[in-house]
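All heavy atoms count here, side chains included; hydrogens, waters and symmetry mates do not. Within every chain, numbering begins at 1; the chains are lettered A, B, ... in the order of the sequence lines, protein sequences first and strands thereafter.
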Amino acid sequence: MATSLLSFHLQIEKPNNVSQYQIFPAKIQVLASTLKQNHNRRPKIATTAITRKQRRSGRVKQSLEDCNTSSTGKLLSFLNSGCLNDALQVFDKMNKSNTFIWNLTIRGLTDSGYFQEALEVYCRMQIEGIREDKFTFPFVIKACTAVFGSDEAKKVHSRIIKLGFYEDIYVCNALIIMYAKVGSIENSEKIFDRMLVRDVVSWNSMISGYVSSRDGLSSLMCFQKMQVLGIRPDRFSLVRLIGGCALEQNLLSGKEVFAQVIRNGREFNLMIQSSLIDMFGKCGEVNYAERFFNRISQKNLVVWNAMIGAYSMNHESLKTFSSLKKMQEDDNLRPDIITLINLLPSCSKLGALGLGKEIHGRAIKNDKFPHLVLETSLIDMYGKCGSLILAEFVFFQMKQKNIISWNAMITAYVQNSYNKEAIDTFKNLKNGPSVPDETTFASILPAYAEIALPKEGKQIHGYISKLGISLNTFISNAMIHMYAKCGDLLSARKLFDSMLFKDVVAWNTIIMAYGIHGFGVSSLSLFTEMLNEGYEPNRSTFVSLLSSCSISGNWDEGWKYFNSMRRDYGLDPGIEHYGCMLDLLGRFGNFDCAKRFIEEMPLKPTSRIWGSLLAASRHYRNIEVAELAADRIFSLDNDNTGCCVLLSNMYADVGRWDDVARVRDLMKNRGLEKTTGCSIVECNGKTYKFTNKNRLKIESDIIFQVLDIISRKIGDDQDNYNVYTFKPSVLLKRRAKSPIFHSVRLAICFGLISTSVGDPVLVRMNTRICENCHKATKKISKMANREIIVGDSKIYHHFKNGCCSCGDYWR
DNA sequence: GTAGGGTTAG
């Protein structure tokens, strides 16, 4: 509403619409009453408002004396004392023919944080035909920055150029900040470079602009340049410079600035003190922040908030909450919205959902909504505490969203394995005004990695390139992982080879990529190559390497590298490395050795460790070991669905139906539901999904006919399930129990008939492939003379000529 | 009567 108002009115020169002109006074009345209602809800911007008021008090007195009309004096007085509704009522009754009155009102609203309202007054000023002057724009720019994005900002700039105020130093300084805040730092630079005269504020604005656009390095360089040119920095320059150091997490520069602060005798300035605490916190030096904080005798809310924030971001959750208590008791300060926001990461770290809800409740009680940052922080907290419903509740209620809030919601979905929802949200984001950034892709790529197919992988790669997002190592590595997990190992390798600056993560990722595809030998040779190129392996390198050995069954190499971790690289194996070795032991069916290995491990076994033993016992049908492993898993992890399903299947295999029923009851009582198996396959750029449920409704007869033929050819007895033999309802029941109709086979059939002869067929599934389907797929690959690649929830199986790359071990 | 300011989200 307001956006259209501004964009419309900025384009017109003079009022040409009588009705608009006439409704103006009534609108102002509405505005005044809205302000009255909202006034108490607004966050008090105490320090800013008071300082400004104090600063202006001298001027106000002077102005009142200068004012000929008493109403101007009244207006000024109300504006400066923060009585905005009174001010607007005075304004409403005034003769508004001069620009001065309008400027005063716009300034008053802007200073109190009523940006939207300030812009409405500005719109009305244009409707009234009152020409702006050079004083009008700094306020309008400020309000516009707070409310709108770059398009509106550019319109204001055009207007400034049109009216000839583009050389005014105040206007230019405001424009520099405005462009930086709406994400166009290049425009800030252009304005700064073209300025004929610059003052310290211009330099501060540019430094500040770089900090706003999260480019700490440029802010530091700008500060240096300013000093070289002999411009003396003021306290604002130092504050922003400290912000730049915090952004870069550059402790060394931060300490240099700290020294400069002390040299200049500014260490007692509260503004600088809070920036320093924040900087130390962001650089991970919470002890430093704490020592500095303790030396401050008169602490205000901002200083406390900075300290609470420093504790919170450095995982000192208990200190975060004890500081909150101290702040209230010692200094009698009440938490504000920033305090609440700073507390939330500590709730996430503690997994304290209740505490997080309490903070949410307090914000509701204190009428703090809508608030973009608070809402985004709540989404983050709820996501990390595993409460997606509440994260969604906050997200869908948001009046305004930016890319950070979208990213928070996407991340919350991904963190909780709701990959489809994450991708749907990402698609919705693309339809709106927010533009995805690097963080969006860092968040969404793992979701694509989990559930997408190569075509979609390529599409997202193309989209990243289209947006001009630089392929830094972080994004490149996420993309290599994504390609590999989507089944496109070739693209993963191509991207890896094209990287100019590979880091150890890139090597770890590509080693793992070959590992999950069962190409253990390639993983090992990549590791040798990595060493030859001088990279130092880390703990994750060994996770990749050992996983690869276990997936490919490379017993000797597995043990060789496991033993070399500590000996050659000084790395103590962690639980994840023990897990890989247990997979390897399990693969070879040496259960005595495996149990001893667990007993002798220096670390406490987790459910992942016992799960590995359980999976091995399933492969070797060793029910005794399975029961032992399951027992341990249940004692550690009450809700392990996979464990229940596996155990129940094992009991079923040996006909222990009582035990099957017992496990199923257990699942029912704990509310655990078996994942519905589904498989996806790509054809002509479209993804087709097959599920283990309701198959009759989804698939066409032709797939079943093909499946019929194939099943017969590979010797699978399917007479009992023939599509033409039974009524649909009977067939559905029978199918539910038969692996012949598992979704993966339907997907393979569809793949075979809808792709060119000779092309490999690629299928992804959300569960592990069952033994029966694995056997069948081997036969199908031979019978159809096609390569069939099946990615299950853990690894890729490359079926070719009757064999599988996994060597028939994948449990 | 004009600009720039510390603590807040992924």
Inset, instruction - Please determine, for the side chain of K282(A), which listed nucleotide (dT8(B), dA3(B), dA9(B)) has the closest atom? - result: dT8(B)
Legend entry - side-chain N/O R240(A) vs dG6(B) OP1/OP2, d < 4.0 Å: yes
Legend entry - Close side-chain approach of M279(A) and C283(A), heavy atoms under 4.5 Å: yes
Legend entry - Any residue meeting side-chain hydrogen bond (donor to acceptor under 3.5 Å, both in side chains) with T440(A), in chain and number order, not counting sequence neighbours: N407(A), D437(A)
Legend entry - For DNA chain B, the residues among residues 434-447 of chain A that have a non-hydrogen atom under 4.0 Å from it: D437(A), T439(A)
Do any side-chain atoms of residues 394-404 of chain A form donor-acceptor pairs under 3.5 angstrom with protein atoms, and if so which ones, sequence neighbours left out?
{"from": "N402(A)", "atom 1": "OD1", "to": "I404(A)", "atom 2": "N", "distance (Å)": "3.1"}
{"from": "N402(A)", "atom 1": "OD1", "to": "S405(A)", "atom 2": "N", "distance (Å)": "3.0"}
{"from": "N402(A)", "atom 1": "OD1", "to": "S405(A)", "atom 2": "OG", "distance (Å)": "3.0"}

Inset, instruction - Describe the nucleic acid contact of I176(A) in one word from base, sugar-phosphate, nothing, applying a heavy-atom distance below 4.0 Å. - result: nothing
Inset, instruction - List in chain and number order the residues that pass side-chain hydrogen bond (donor to acceptor under 3.5 Å, both in side chains) with S218(A), two or more places apart in sequence or in another chain; answer none if no residue qualifies. - result: D215(A)
Inset, instruction - Give a yes-or-no answer on whether the side chains of Y418(A) and E392(A) include a donor-acceptor pair shorter than 3.5 Å. - result: no
Legend entry - salt bridge (Lys or Arg N to Asp or Glu O under 4.0 Å) involving K225(A) - partner list, sequence neighbours excluded: none
Inset, instruction - Identify all stems in which DNA chain B takes part, counting only runs of at least 3 consecutive pairs (Watson-Crick or G-U wobble, each distance under 3.5 Å), and give each as one range with another, ordered by first number. - result: none
Inset, instruction - Kindly point out which of dG4(B), dT8(B), dG1(B) is positioned nearest to the side chain of D234(A)? - result: dG4(B)
Inset, instruction - Mark yes or no for a side-chain to base donor-acceptor pair under 3.5 Å between S275(A) and dG6(B), with no hydrogen or angle criteria applied. - result: no
Inset, instruction - Answer yes or no: side-chain N or O of D168(A) and base N or O of dA3(B) forming a donor-acceptor pair under 3.5 Å. - result: no
Legend entry - Nearest-angstrom distance from the residue atom CG of D278(A) to P of dG5(B): 16 Å
Inset, instruction - For the side chain of Y170(A), starting at C-beta, report the closest nucleotide among dT2(B), dT7(B), dG5(B). - result: dT2(B)
Legend entry - N/O donor-acceptor pair, side chain N204(A) with base dG5(B), under 3.5 angstrom: no
Legend entry - Selected nucleotide, minimal atom distance to V239(A) side chain, candidates dA9(B), dT8(B), dG6(B): dG6(B)
Inset, instruction - Would you kindly give the CG-to-P distance between N173(A) and dG4(B), to the nearest whole Å? - result: 9 Å
Inset, instruction - May I have the distance from I296(A) (atom CD1) to dT7(B) (atom C1'), rounded to whole angstrom? - result: 12 Å
Inset, instruction - Applying ring pair (Phe, Tyr, Trp, His ring centres under 6.0 Å), name anything that partners F280(A), two or more places apart in sequence or on another chain. - result: F258(A), Y288(A)
Inset, instruction - Only pairs at least two apart or in different chains count here, so list each salt bridge (charged side-chain N to carboxylate O under 4.0 Å, His left out) that has a residue in residues 290-313 of chain A. - result: E290(A)-K319(A)
Inset, instruction - Not counting sequence neighbours, which residues clear ring pair (Phe, Tyr, Trp, His ring centres under 6.0 Å) with F223(A)? List them please. - result: none
Inset, instruction - Remember a base hit wins even if backbone is also touched, and classify N269(A) as base, sugar-phosphate or nothing at under 4.0 Å, heavy atoms. - result: nothing
Legend entry - V201(A), nearest nucleotide to its side chain (from dG1(B), dG4(B), dT8(B)): dG4(B)
Inset, instruction - Please state how far atom NZ in K299(A) lies from atom P in dT7(B), giving the value in whole angstrom units. - result: 19 Å
Inset, instruction - Just jot down the salt bridge (Lys or Arg N to Asp or Glu O under 4.0 Å) partners of D424(A), sequence neighbours excluded, or say none. - result: K420(A)
Inset, instruction - Could you check which of dG6(B), dT8(B), dG5(B) has an atom nearest any side-chain atom of F236(A)? - result: dG5(B)
Legend entry - Whole angstrom value for the distance that separates P of dG4(B) from CE of M206(A): 16 Å
Inset, instruction - Between dG1(B), dG6(B), dA9(B), spot the one nearest the side chain of F135(A), thanks. - result: dG1(B)
Inset, instruction - Just call it for N103(A): base, sugar-phosphate, or nothing, with non-hydrogen atoms closer than 4.0 Å on any strand. - result: base
Legend entry - Among dG4(B), dT7(B), dA9(B), the nucleotide that comes nearest once only the side chain of I338(A) is considered: dT7(B)
Legend entry - Nucleic acid contacts - residues 374-384 of chain A versus DNA chain B, non-hydrogen atoms under 4.0 Å: T376(A), S377(A), D380(A)
Inset, instruction - List for me each residue that meets ring pair (Phe, Tyr, Trp, His ring centres under 6.0 Å) alongside F293(A), sequence neighbours excluded, and say none if there are none. - result: W304(A)
Legend entry - Rounded distance (Å) that lies between atom P of dA9(B) and atom CG of L247(A): 11 Å
Inset, instruction - Find the distance D199(A):CG to dT2(B):C1' and express it as a whole number of Å. - result: 12 Å
Legend entry - Distance in angstrom units between L324(A) CG and dT7(B) C1', rounded: 14 Å
Legend entry - Side-chain donor-acceptor pair present, Y382(A), H360(A), cut-off under 3.5 Å: yes
Legend entry - Heavy-atom neighbours of Y463(A) OH exceed 12 at 6.0 Å: yes
Legend entry - Side chain of V302(A) - closest among dG5(B), dT8(B), dG6(B): dG6(B)
Legend entry - Side chain of S205(A) (C-beta onward), nearest among dT8(B), dG4(B), dT7(B): dG4(B)
Inset, instruction - Find out whether the Lys NZ or Arg CZ of K326(A) is both under 6.0 angstrom from the six-membered ring centre of F321(A) and within 45° of the ring's axis. - result: no
